[in-house]
There are 2 protein chains.
Amino acid sequence: MLSIGKLSAATGVKVPTIRYYEEIGLLPEAERSAGNQRLYRKEHQERLAFVRHSRELGFPLDDIRELLSLSDRPDMSCAAADVIASRQLAAVKDRIARLQALQQELERMLTQCAQGTISDCKVIEVLSNHENCLHADHGEGCHSVHPGHDC
Amino acid sequence: MLSIGKLSAATGVKVPTIRYYEEIGLLPEAERSAGNQRLYRKEHQERLAFVRHSRELGFPLDDIRELLSLSDRPDMSCAAADVIASRQLAAVKDRIARLQALQQELERMLTQCAQGTISDCKVIEVLSNHENCLHADHGEGCHSVHPGHDC
DNA sequence: ATAGGATCTCTAGCAACTAGAGGTTCAAGA
DNA sequence: TCTTGAACCTCTAGTTGCTAGAGATCCTAT
């Protein structure tokens, strides 16, 4: 039986975060000691490790909730888990592509900056002028944009 | 003189977001019509476009606030703007590296998944076992970890 | 027995918005 | 000119995934 502090140390998840996970139903309610303190076992530790690893992989808590409910039913097909992971993979690839474009643009900004005054600083200039930017439009087009604005 | 809706259409920033930016002091308080509706000019539009583009590049609002105050003082050295952009570039590179590791791991998960049942689903298994993961430790080590936990 | 670290609950706050309620103003058509 | 309905106003509350603090209680080691 682990205290919440030990569980935290064992999993690398902070104490208030563990309580938060319990509160939102991601972890079951812990047993309590005579003095009302939470007590955990190996199975809780494993579940929490699962959550932590999934979070590190970028899964939102709702997806983790779903994955947990899947792993509780080991006789089901894993197609659902596959779908979640695929969705996540697509999101990761998309984020990488966007970030690489941003990286290019930031590098361009920085190499052009002549270390002069603000009035000829390319950083500010690039940020001011949307026209000659590289970073927009990767795949599904310019997101969250109003009609009439083409970036 | 543009209404807030026209400004929104012109910049691609949603109406409530514009009001929010004004509320937090990122944009100056707008003039008002006789009927208390906000009115904007070209300079507001430019400032908002600057904010939007910076947000797209991932700058947090506080950095944008700083960049805006820099661009208001065109006689100063642009070293400060450089610092902000460099910081952002470093953050972007770091995020790319992490995401690429995640991508690898997700792909590994998915290719190993035999489309069987949950009980032999690699997706769930990989998420359960932290030991054989590739994604941890990129540069500054395992972040946000308690002493005693080595990931 | 006691000191002080760990735990408890509760509330509030962070970024960066988004959504809704309930009320007012503006612009275009009849 | 009137009317209608879209756009605007303010205000509050919600989102995600936590984090920080207050003030009280518990547990463990000396």
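Quick note on labels: first sequence line is chain A, next is B, and so on, each numbered from 1.
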- [ ] Please test A:Gln104 against A:Gln100 for side-chain hydrogen bond (donor to acceptor under 3.5 Å, both in side chains), starting from the C-alpha separation and ending with a verdict.
- [x] CA-CA 6 Å; A:Gln104 270 184 45; A:Gln100 280 172 339; over 6 Å; no
[X] has a side chain; which of [options] sits nearest to it?
{"X": "B:Asn36", "options": "C:dC17, C:dT7, D:dC9", "result": "D:dC9"}
{"X": "B:Gln37", "options": "D:dC26, C:dT25, D:dG17", "result": "C:dT25"}
{"X": "A:Ile4", "options": "C:dT7, C:dC26, D:dT19", "result": "C:dT7"}
{"X": "A:Pro16", "options": "D:dT19, D:dC8, C:dC17", "result": "D:dT19"}
{"X": "A:Arg32", "options": "C:dC8, D:dT19, D:dG17", "result": "C:dC8"}
{"X": "A:Ser33", "options": "D:dC27, D:dC8, C:dA16", "result": "D:dC27"}
{"X": "A:Leu61", "options": "D:dC8, C:dT9, D:dG17", "result": "D:dG17"}

Open item on the list: In the structure I gave you, are the side-chain heavy atoms of A:Ser33 and A:Arg38 within less than 4.5 Å of one another anywhere?
Closed with: no
Give the rounded distance in Å between these two atoms: [atom1] of [X] and [atom2] of [N].
{"X": "B:Arg65", "N": "C:dA15", "atom1": "CZ", "atom2": "P", "answer": "9 Å"}
{"X": "A:Tyr20", "N": "D:dT15", "atom1": "OH", "atom2": "P", "answer": "10 Å"}
{"X": "B:Leu2", "N": "D:dA7", "atom1": "CG", "atom2": "C1'", "answer": "15 Å"}
{"X": "A:Ile18", "N": "D:dT19", "atom1": "CD1", "atom2": "C1'", "answer": "14 Å"}
{"X": "A:Asp62", "N": "D:dT16", "atom1": "CG", "atom2": "P", "answer": "6 Å"}
{"X": "B:Leu26", "N": "C:dA15", "atom1": "CG", "atom2": "P", "answer": "12 Å"}
{"X": "B:Leu27", "N": "C:dA16", "atom1": "CG", "atom2": "P", "answer": "14 Å"}
{"X": "A:Met1", "N": "C:dT7", "atom1": "CE", "atom2": "P", "answer": "15 Å"}

Under 4.0 angstrom between [X] side-chain N/O and [N] OP1 or OP2:
{"X": "A:Arg52", "N": "D:dC18", "result": "no"}
{"X": "B:Arg38", "N": "D:dC8", "result": "no"}
{"X": "B:Tyr21", "N": "C:dC17", "result": "yes"}
{"X": "A:Thr17", "N": "D:dG17", "result": "no"}
{"X": "B:Arg19", "N": "D:dT10", "result": "no"}
{"X": "B:Lys14", "N": "C:dT18", "result": "yes"}

Task: Reference residue B:Leu48; test side-chain contact (heavy atoms from CB on, under 4.5 Å); the match among B:Thr17, B:Leu7, B:Leu26 - done: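 Output: one option passes, namely B:Leu7.
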- [ ] By nearest nucleotide on DNA chain C, pick out whichever of B:Pro60 and A:Ser3 is the more 5' one.
- [x] A:Ser3
Task: First of B:Arg55 and B:Gly35 reached from the 5' end of DNA chain C, by closest nucleotide - done: B:Arg55
Open item on the list: Using the rule that Ile, Leu, Val, Met, Phe, Trp and Tyr join whenever any side-chain heavy atoms are under 4.5 Å apart, tell me whether B:Ile24 and B:Phe50 fall into a single cluster.
Closed with: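 Yes, it is one cluster - the side chains of B:Ile24 and B:Phe50 are joined through contacts under 4.5 Å.
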Open item on the list: Can you give me the closest heavy-atom contact between B:Arg32 and B:Leu39, atom names plus distance?
Closed with: C-CD1, 4.1 Å
Task: Which atom of B:Ser8 lies closest to which atom of B:Lys14, heavy atoms considered - done: OG-CA, 3.8 Å
TODO: Under 4.0 Å between any heavy atoms, over every strand shown, what does A:Ile24 touch: base, sugar-phosphate, or nothing? Just pick one.
DONE: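 It contacts nothing in the nucleic acid.
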